[in-house]
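Here is the structure we will look at.
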Protein chains: 2
Amino acid sequence: MNHQVLNNLDLTSLLSLSFSASINELHDRLSELGFGDIRPVHGFLFKCITPNGATGIELAEHLGITKQAVSKMVDYLEKSGYVMRRTHPTDKRGKIIVLTERGWLVMKTKEEIIAEIEKRWIENIGAERMQMLKEDLSSLIHEANEDKSLSKVRPVW
Amino acid sequence: MNHQVLNNLDLTSLLSLSFSASINELHDRLSELGFGDIRPVHGFLFKCITPNGATGIELAEHLGITKQAVSKMVDYLEKSGYVMRRTHPTDKRGKIIVLTERGWLVMKTKEEIIAEIEKRWIENIGAERMQMLKEDLSSLIHEANEDKSLSKVRPVW
DNA sequence: AAAATATAGTCAACTTGATTGACTATATTT
DNA sequence: AAATATAGTCAATCAAGTTGACTATATTTT
């Protein structure tokens, strides 16, 4: 697949391919660094947990899946050592899910890798174009979600 | 989620959200127009079938899934009236999967919707910025896949 | 030409990550 | 105080993928 072909793709396909490329690079690097048990969806979950923890239902809404599915995901992440269930400070029905030290480590590592990727891309297209790219993508997301509620940030399709 | 928040997201998250927004809008519109039985992955399959049909193995490589999974997907799409299995002209082991009239109709409809979406986005950010956006995304994809083979266009994560 | 090997597709059994429904314990509203 | 709503979990099911086994046809080797 060469540059010429790419230029003729519609925007949706370009977004799909570029997202795919970046998320794959991120997780390949995470794997190399010993975080092979983390999947992309976990990153979206961690983002909602930080900085102060979150309840299962908050996570479910954030990810756009059921609370039962979140419960299983948390089982897995707890077993793998990334999160802990704490009793909720005020609501005895609830629990609050927080990151362990390893959870914080993977977040920090992820940010470093993403910074590396962005840096390489800036070298490629220049800082101004990168800034414009981010602004334009933000506008598009903003505009597309004007009407809807949008608290779900999980990229489902 | 407001504009300010979006501007502070990393590029990977922005790509995820914008892809998600566009693919969701596309499929919401397709649903309204009576194509509610089509999922995003089917679009990637159709793209490989057109214009001259494709074998199961070609589709499997294109999508990055097994030939058995493709076979099931084709079962579904054949039952739903979008594709047909034809005997392969030269290889009696093989079959060639082609679009039905309804298959062509959904492709045409899809292109119209995508054109609408792009048009609206051009009204939003301007034609020049849209052109730059596409160029930059193309560069990024191109650069990210320099080393790899990349014939898979399915956005897996 | 015959035999050995490779390839295209399908069937069946299994895995994974989601779903819906039922339940317990605690909160909130009436 | 009673009725209802909410947070979380357990169990059964579903959907979309996987691996492994098989048939029929092609291709390669001897």
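Note that the structure is predicted; figures quoted are calculated from it, not measured. Order of the sequence lines sets the chain letters (A, B, ...), proteins ahead of strands, with each chain counted from 1.
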Q | Listed once per pair and sorted, the salt bridge (Lys or Arg N to Asp or Glu O under 4.0 Å) pairs that draw on residues 12-22 of chain A, sequence neighbours left out | A | none
**Q.** Those residues that, when tested against A:R86, pass salt bridge (Lys or Arg N to Asp or Glu O under 4.0 Å) (two or more places apart)
**A.** none
Q. Taking the side chain of B:T55 as its heavy atoms from C-beta onward, which of D:dG17, C:dG9, D:dT9 lies nearest to it?
A. C:dG9
Q: Would you kindly give the CD-to-P distance between A:E58 and D:dA7, to the nearest whole Å?
A: 9 Å
Between the protein and nucleotides 26-29 of chain D, list every N/O to N/O distance that falls short of 3.5 Å.
unit_1 : atom_1 : unit_2 : atom_2 : d
D:dA26 : OP1    : B:K92  : N      : 2.8
D:dA26 : O4'    : B:R93  : NE     : 3.4
D:dA26 : O4'    : B:R93  : NH1    : 3.4

Q: Could you tell me which residues satisfy salt bridge (Lys or Arg N to Asp or Glu O under 4.0 Å) with B:R102, sequence neighbours excluded, listed by chain and number?
A: none
**Q.** Options C:dT10, D:dA16, C:dG17, nucleotide nearest the side-chain atoms of B:R39
**A.** D:dA16
Q) To the nearest angstrom, how far is A:I96 atom CD1 from D:dG8 atom C1'? A) 14 Å
Q) Mapping B:K72 and B:K67 onto DNA chain D by nearest heavy atom, which one lands closer to the 5' end? A) B:K72
(Q) Going by salt bridge (Lys or Arg N to Asp or Glu O under 4.0 Å), name the residues that satisfy it together with A:K79, two or more places apart in sequence or in a different chain. (A) none
**Q.** Nonpolar side-chain network containing A:M132, other nodes, edges under 4.5 Å
**A.** B:M132
Q) Starting at CD of A:Q68 and ending at P of D:dT13, how long is that distance when rounded to a whole Å? A) 16 Å
Q: List in chain and number order the residues that pass side chain to side chain donor-acceptor pair (under 3.5 Å) with A:E32, two or more places apart in sequence or in another chain; answer none if no residue qualifies.
A: A:R29
Q.
As a test of reading the structure: which of C:dG9, D:dG8, D:dT18 is closest to the side chain of B:I57, going by heavy atoms?
A. C:dG9
Q | Minimum side-chain heavy-atom gap B:V41-B:M73 below 4.5 Å | A | yes
Q: Name all residues meeting the ring pair (Phe, Tyr, Trp, His ring centres under 6.0 Å) criterion together with A:H42; count only those two or more places apart in sequence or in a different chain, and write none if there are none.
A: A:Y76
Q.
Rounded to whole Å, please give me the gap between CD1 in A:I65 and C1' in D:dG8.
A. 14 Å
Q: Name every residue in residues 73-83 of chain A that has at least one heavy atom under 4.0 Å from any atom of DNA chain D, in order of residue number, or write none if there are no such residues.
A: none
Q. Among D:dG17, C:dT10, C:dT19, which is the nearest nucleotide to the side chain of A:T66?
A. C:dT19
(Q) For a quick check under 3.5 Å, do A:D10 and A:S13 share a side-chain donor-acceptor pair by atom type? (A) yes
Q | Below 4.0 Å: OP1/OP2 of D:dT9 and any side-chain N or O of A:R85 | A | yes
Q) Does the side chain of B:S71 get closer than 4.0 angstrom to OP1 or OP2 of C:dG9 through an N or O atom? A) no
Q: Quick one: which residue pairs count as a ring pair (Phe, Tyr, Trp, His ring centres under 6.0 Å) with a foot in residues 85-131 of chain A, not counting sequence neighbours?
A: none
Q: Could I get the full list of salt bridge (Lys or Arg N to Asp or Glu O under 4.0 Å) partners for A:D37, not counting sequence neighbours?
A: none
Q) Could you walk me through whether A:K110 and A:K47 pass the side chain to side chain contact (heavy atoms under 4.5 Å, CB included) check? A) CA-CA 11 Å; A:K110 191 197 95 163; A:K47 193 173 280 183; 4.0 Å; yes
Q: Map every base of DNA chain C to its dot-bracket character, where paired means a Watson-Crick or G-U wobble contact with both distances under 3.5 Å and | marks a partner outside the strand.
A: ||||||||||||||||||||||||||||||
Q. Of the nucleotides D:dG8, D:dT18, C:dA18, which has the atom closest to the A:K95 side chain?
A. D:dG8
Q: For A:I97 and D:dT9, give me the distance from atom CD1 to atom C1', rounded to whole Å.
A: 12 Å
